[in-house]
Amino acid sequence: MSEKKYTTTSGIEIKEVYTAAKPMEEKPGEFPFTRGIQKDMYRGRLWTMRQYAGFSTAEESNKRYHYLLSQGTTGLSVAFDLPTQIGYDSDHEMADGEVGKVGVAIDSLRDIEILFDGIELKNITTSMTINATASILLAMYIALAKKQGADLKQISGTIQNDILKEYAARGTYIYPPKQSMRLITDIFEFCSKEVPKWNTISISGYHIREAGSTAVQELAFTLANGKTYLKAAIDKGLDINIFAKRLSFFFNCHNNFFEEIAKFRAARRMWAKITKELGATDEKAQMLRFHTQTGGSTLTAQQPLNNVIRVTNQAMAAVLGGTQSLHTNGYDEALSLPTEAAAKIALRTQQIIGFESGVTDTVDPLAGSFFVENLTDEIELAAWAYIDKIDAMGGSVNAIESDYMQQEIASSAYQYQNEIEDGSRISVGVNKFTQTEEGITEVFNIDDSIRKLQTEKLTKLKAERNNIAVKQALDAIASAAKTDANLMPLIINAVEKYATLGEIADELRHIFGEY
């Protein structure tokens, strides 16, 4: 009988014992940042503890935000419903059945005003998980900051704004790739001058992993996409030493504890090399800063309280891997949006790790581990092999258009599911240690009356606003979209006139077409 072979989820073979690692001469806070981007890491300050929230109406989400802030959340993270993500107002026929379901419904600046009512934007950082309509949502946020009297040079936060991973893994795109990239570089250019502390893109591996990729594929495809964004910005004439400082990343954290830690360490090292090769000389432009969310696809509807343990394991790996920001999932999210009780336990998980576990007391506490150092090297090597292949294709856009990334992810997802079904991969409570009684009856439900409420708000808004000014603002966007002009100032102008998200997205649909 052959001896059992042990591998990571990416297929990297794990030896029985590791007895050697290269000497650790590298220091934290120094190129290539394998050990962390700050010299003192969490001794200086803990990561930002974000809780991803957004559901139903702006009014209901606003209540949750105030609750989370009162419980110690240090940054807000906004989830938008599907119509908002793909540029439809709540009264559009395509929005039927989806309004407020997986996030908050935002149709106009008025909804953003309600969403952040009683919250000073100058005092918080806000992350918005939005891609195809990122320019419009950012414009609304800027418009509200201006109304609050905030200094735009000081407001900070992040828009995801990563359209390439939408084509590769998720699907909430609107326009063809070339036109989508134009909107992204318009945001880069505008924010570098007007909102310099804003992170203009969060290059996302999270959704690539959720679609079924391995850890190595998540790392490789995310950094390949990041490389494409860097080149697009350089082609736009932007200085890599300025704009690269405002790029951040968004990674998933799954169950394989050491593989995830090694993935994060390898990511920093690889990005430092990529930016340096593309001309970055400022160390801050070479640093990979990232947000982590625990793995949504690892949550089980069966025995959902088991998810508390899974999330704790994943959160600890993210911290040991050196994340700058962290969202922990609610234990009930395989069943519904998180209840308030689940959201509180998710936040307390981070606080207990940060203030009680002791893992924050020293920088990169697993450095020098024979296993972790070897695994970091092996993950890096495997990820470079993918990136070299994508470079040979001409970059991420070509790799996506030729379906390469999608097929690689689908193949890994298929293999993973087969392993669950044949029992070679154990999921506790799903294919082993099962039980008939489940134990959670309370779930968070969104009813279909939300669409009616949003439609009534839209009707009222359109009756009260200056519709001549709105038409002029929309016409200006359509005219500029046919040129190389930066669209951001015109989109801000339109949202300030209370043009709706759907109206602005439709103007661009008419010019750019749909993909």
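- Taking CD1 from Ile492 and CD from Glu194, the interatomic distance works out to 8.0 Å, rounded to the nearest 0.5 Å.
- A 4.5 Å side-chain heavy-atom check between Gln160 and His207 finds at least one atom pair inside the cut-off.
- Looking at heavy atoms from C-beta onward, Asp186 lies out of side-chain contact with Ser135 at the 4.5 angstrom threshold.
- Residues Glu401 and Asn398 are in side-chain contact: their nearest non-hydrogen atoms beyond the backbone lie under 4.5 Å apart.
- Using a 3.5 Å distance cut-off with no hydrogens or angles, the side chains of Gln85 and Asn131 do not pair a donor with an acceptor.
- Judged by distance alone, the side chains of Arg310 and Asn307 do bring a donor and an acceptor atom under 3.5 Å apart.
- Between Gln179 and Ile511 the shortest side-chain heavy-atom distance does not fall below 4.5 Å.
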Inset, instruction - Walk me through it: do Thr292 and Gln314 pass the test side-chain contact (heavy atoms from CB on, under 4.5 Å)? - result: CA-CA 10 Å; Thr292 308; Gln314 294 161 8; over 6 Å; no
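- Relative ring orientation between Tyr175 and Phe512 is described as perpendicular, the plane-to-plane angle rising above 60° on a 0-90° scale split at 30° and 60°.
- A 6.0 Å sphere centred on OH of Tyr414 holds no more than 12 heavy atoms belonging to other residues, nucleotides or ligands.
- Taken from OG1 in Thr214 to CD1 in Ile379, the straight-line distance is 9.5 Å, to the nearest 0.5 Å.
- Salt bridge Arg265/Glu373: present, at least one basic N to carboxylate O contact under 4.0 Å.
- Using a 4.5 Å heavy-atom threshold, the side chains of Thr228 and Ile390 count as separate.
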Inset, instruction - Apply the test side-chain contact (heavy atoms from CB on, under 4.5 Å) to residues Thr158 and Ser325: give CA-CA distance (whole Å), side-chain angles for both, the deciding distance (0.1 Å), then the verdict. - result: CA-CA 11 Å; Thr158 305; Ser325 166; over 6 Å; no
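- Across Phe264, Phe370, Phe371, a single residue satisfies ring pair (Phe, Tyr, Trp, His ring centres under 6.0 Å) together with Phe258, and that is Phe371.
- Closest approach of Thr300 and Ala334 over heavy atoms only: C-CB, 3.5 Å.
- Inter-residue side-chain proximity for Tyr386 and Leu219 is flagged as unmet; no heavy-atom pair is nearer than 4.5 Å.
- Among Ile504, Ile86, Ile174, the one residue that satisfies the side-chain contact (heavy atoms from CB on, under 4.5 Å) test with Thr133 is Ile174.
- Under a 4.0 Å N-O distance rule, the pair Arg182/Asp484 does not qualify as a salt bridge.
- Pairing each heavy atom of Ile37 with each of Leu288, the nearest pair is CG2-O, 3.6 Å.
- Met405 is listed as a side-chain neighbour of Ser396, based on a closest heavy-atom distance under 4.5 Å.
- In this model, no donor atom of one side chain and acceptor atom of the other lie less than 3.5 Å apart for Gln286 and Thr275.
- Here Ile203 contributes atom CD1 and Trp271 contributes atom CH2; the two are 5.0 Å apart, rounded to the nearest 0.5 Å.
- In this structure, Arg509 is positioned above the aromatic face of Tyr88, its NZ or CZ under 6.0 Å from the six-membered ring centre and within 45° of the axis.
- Checking Glu218 against Ser213 by side-chain atom types alone, no donor-acceptor pair falls below 3.5 Å.
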Legend entry - Derivation and outcome, side-chain contact (heavy atoms from CB on, under 4.5 Å), residues Ile159 and Trp198: CA-CA 8 Å; Ile159 43 171; Trp198 195 268; 3.6 Å; yes
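- Once rounded to the nearest 0.5 Å, the distance linking CD1 of Ile142 with CD1 of Ile155 reads 6.0 Å.
- Counting non-hydrogen atoms of other residues, nucleotides and ligands closer than 6.0 Å to NZ of Lys236 gives a total above 12.
- Of all the heavy atoms in Gly322 and Arg268, the pair that sits closest is O-NH1, 3.7 Å.
- Taking the six-membered ring where the residue is Trp, His291 and Phe250 present tilted rings, their angle falling between 30° and 60°.
- Side-chain contact between Glu166 and Ser204 is absent, with no heavy atoms from C-beta onward closer than 4.5 Å.
- To the nearest 0.5 Å, atoms CD (Glu210) and CZ (Arg170) are separated by 10.0 Å.
- When all heavy atoms of Ile420 and Asn431 are compared, the pair lying nearest together is O-ND2, 2.9 Å.
- Taking all atoms of both residues into account, the shortest heavy-atom contact from Leu164 to Tyr229 is N-OH, 2.9 Å.
- A salt bridge links Asp377 with Arg269; the closest basic N to acidic carboxylate O contact falls under 4.0 Å.
- Ion pairing between a basic and an acidic side chain is recognised when a charged N comes within 4.0 Å of a carboxylate O; Lys273 and Glu380 show such pairing.
- Considering NE2 of His327 and OG of Ser127, their distance stands at 10.5 Å, rounded to 0.5 Å.
- Between Thr8 and Leu375 the shortest heavy-atom distance is CG2-CD1, 4.0 Å.
- Under the 3.5 Å distance criterion, with hydrogens and angles disregarded, a donor-acceptor pair is assigned to the side chains of Tyr167 and Ser180.
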Inset, instruction - Determine, step by step, whether Val104 and Phe80 satisfy the side-chain contact (heavy atoms from CB on, under 4.5 Å) criterion, reporting the C-alpha distance in whole Å, the side-chain angles of both residues, the deciding distance to 0.1 Å, and the verdict. - result: CA-CA 5 Å; Val104 63; Phe80 298 96; 4.1 Å; yes
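- Between the side chains of Thr500 and Asp107, no donor-acceptor pair of N or O atoms lies under 3.5 Å.
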